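Owing to the predicted nature of the structure, the values given are computational and were not obtained by experimental measurement.
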Amino acid sequence: MPDTTCHMSISLDGFVAGPDQSREDPLGKRGLELHGWHIGDPRANHADKVANEWLMRPRGAYVMGRNMFGPIRGDWDEEWTGWWGAEPPYHAPVFVLTHHGHDPIQMDGGTTFHFVTEGFDAAYSAACQAAGDNGVDIAGGASTVRQALIAGVIDELTLDIAPVLLGSGERIFDGVESFGFEPAEVLHSPLTTHIRYRRRQLTP
């Protein structure tokens, strides 16, 4: 079974997005402070470059929540094709969790957004089938990552821990009762500590 991965930037107090997410602030208030390591801060170093390569490595399919796909809530009352322009960075099928059905949206570069109304397990199963031998990535946001952690499907979890306290926002570990990972690699820069965790192998 190919690996299922997840890569998230997170504050010291456990938030992956700030409060009051909106069209103007898709990561919430101060959420961008978690991402300086890969969006042009001049203090970024080689460790950040390596972590960005981890983040951008191709995967066979992705699972994301509707809040990550866009700011529209409830019924689809306007056209929206994501935050990423005509050619999103995924280049693979993306399965979007939603309570409101929508026809697939095909984008340039091989990305097609599929909308799944049957819950996380159904979206993950469809992603695994679509990915074949190329693996699945849990792309976010917080609720989707929580569901993946509780379901125990993530094999490799990378956290970019920024020296930032957000105070409120979206957390990924609420309701997750056990961690089950051990550090496999640690890199750091003035902006972030990158920890790549692997699922702990149980000894007989």
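Atom SG in Cys6 sits 6.5 Å away from atom CD1 in Ile172 (nearest 0.5 Å). One distance of note links CG of Asn67 with CD of Gln21; it measures 6.5 Å at 0.5 Å rounding. A distance of 6.0 Å separates CZ in Phe15 from OG in Ser168, rounded to the nearest 0.5 Å. Considering CG of Asn52 and NE2 of His46, their distance stands at 12.0 Å, rounded to 0.5 Å. Within the model, atoms OG1 of Thr158 and CD1 of Ile195 stand 10.0 Å from one another, a figure rounded to the nearest 0.5 Å. Once rounded to the nearest 0.5 Å, the distance linking CG of Leu34 with OG1 of Thr192 reads 8.5 Å.
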*Test salt bridge (Lys or Arg N to Asp or Glu O under 4.0 Å) on Glu156 and Arg57 and set out the steps.*
CA-CA 13 Å; Glu156 181 175 298; Arg57 62 184 162 174; 2.4 Å; yes
### Query
Would Asp121 and Gln147 count as a side chain to side chain contact (heavy atoms under 4.5 Å, CB included) if you check the C-alpha gap in whole Å, the side-chain angles of each, and the deciding distance to 0.1 Å?
CA-CA 9 Å; Asp121 289 346; Gln147 292 176 73; over 6 Å; no
Practice item. Decide yes or no on side chain to side chain contact (heavy atoms under 4.5 Å, CB included) for His38 and Leu55, but give the supporting numbers first. Key: CA-CA 10 Å; His38 70 111; Leu55 175 65; 4.1 Å; yes
Margin query: Run Val16 and Val145 through side chain to side chain contact (heavy atoms under 4.5 Å, CB included) and show every step you take.
Written below: CA-CA 10 Å; Val16 297; Val145 175; over 6 Å; no
What do the steps show when you test Leu149 against Ile154 for side chain to side chain contact (heavy atoms under 4.5 Å, CB included), and what is the final call? CA-CA 6 Å; Leu149 288 168; Ile154 297 174; 3.8 Å; yes
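In this structure, the side chains of Thr193 and Val186 come closer than 4.5 Å at one or more pairs of heavy atoms. At a threshold of 4.5 Å between non-hydrogen side-chain atoms, the residues Phe95 and Met64 do not count as touching. You'll find the side chain of Thr112 stays beyond 4.5 Å of the side chain of Ile105, heavy atoms only. The closest side-chain heavy-atom distance from Ile39 to Leu32 is below 4.5 Å. Counting heavy atoms from C-beta on, the side chains of Pro93 and His114 come closer than 4.5 Å.
A distance-only check finds a donor-acceptor pair linking the side chain of Arg171 to the backbone of Asp13 [under 3.5 Å]. Side-chain N or O atoms of Trp76 include one that pairs as donor or acceptor with a backbone N or O of His100 at under 3.5 Å. Arg66 contributes a side-chain N or O that, together with a main-chain N or O of Ile72, makes up a donor-acceptor pair within less than 3.5 Å. With hydrogens and angles ignored, the 3.5 Å screen pairs a side-chain donor or acceptor of Thr111 with a backbone N or O of His91.
Counting only N and O atoms by type, the side chains of Thr4 and Tyr124 include a donor and acceptor under 3.5 Å apart. Side-chain N/O atoms of Arg43 and Ser189 include no donor and acceptor closer than 3.5 Å. For the 3.5 Å distance criterion, the side chains of Asp3 and Thr5 fail to qualify, holding no donor opposite an acceptor. Checking Asp160 against His7 by side-chain atom types alone, a donor-acceptor pair falls below 3.5 Å. His35 and Asp41 share no donor-acceptor pair across their side chains, judged by distance under 3.5 Å alone.
Pairs engaging residues 67-91 under the salt bridge (Lys or Arg N to Asp or Glu O under 4.0 Å) rule: Arg23-Glu78 [sequence neighbours left out].
Residues Ile10 and Ile150 fall within the same hydrophobic cluster, defined by Ile, Leu, Val, Met, Phe, Trp and Tyr side chains chained together at heavy-atom separations under 4.5 Å. Met68 and Met107 fall within a single hydrophobic cluster, where Ile, Leu, Val, Met, Phe, Trp and Tyr side chains are chained together by heavy-atom contacts under 4.5 Å. Cluster annotation: Val63 is not connected to Phe113 through the hydrophobic network of ILVMFWY side chains, with a link wherever side-chain heavy atoms come within less than 4.5 Å. Follow the hydrophobic side-chain contacts under 4.5 Å out from Trp37 and you reach Met56 in the same cluster. The same ILVMFWY cluster, assembled from side-chain heavy atoms under 4.5 Å apart, contains both Leu12 and Val176.
The two atoms that bring Pro71 and Trp80 nearest to each other are CD-CZ2, 3.3 Å, heavy atoms only. Taking each heavy atom of Ala61 and Ala130 in turn, the nearest pair found is CB-CB, 4.4 Å. When all heavy atoms of Ala139 and Tyr62 are compared, the pair lying nearest together is CB-CD2, 4.4 Å. Considering all non-hydrogen atoms of both residues, Ala123 and Leu97 come closest at CB-CD2, 3.6 Å.
Ion pairing between Arg198 and Glu182 fails under the 4.0 Å rule for side-chain N and carboxylate O. A salt bridge links Lys49 to Glu53: at least one charged side-chain nitrogen sits closer than 4.0 Å to a carboxylate oxygen.
Every residue meeting the side chain to side chain contact (heavy atoms under 4.5 Å, CB included) condition with Arg199, not counting sequence neighbours, appears here in chain and number order: Phe181.
Annotation: Phe69 is in aromatic contact with Phe115 [ring centroid separation under 6.0 Å]. Checked against the 6.0 Å centroid criterion, the rings of Tyr197 and Phe179 qualify as a close aromatic pair.
With a 6.0 Å radius and a threshold of 12 heavy atoms from other residues, nucleotides or ligands, Glu185 has its CD atom above the threshold. The environment of NE2 in His99 is sparse: at most 12 heavy-atom neighbours from other residues, nucleotides or ligands sit within 6.0 Å. Shown here is His188, whose NE2 atom has no more than 12 heavy atoms of other residues, nucleotides or ligands within 6.0 Å.
The side-chain contact (heavy atoms from CB on, under 4.5 Å) test with Glu33 is passed by exactly one of Leu27, Val164, Leu165: Val164.
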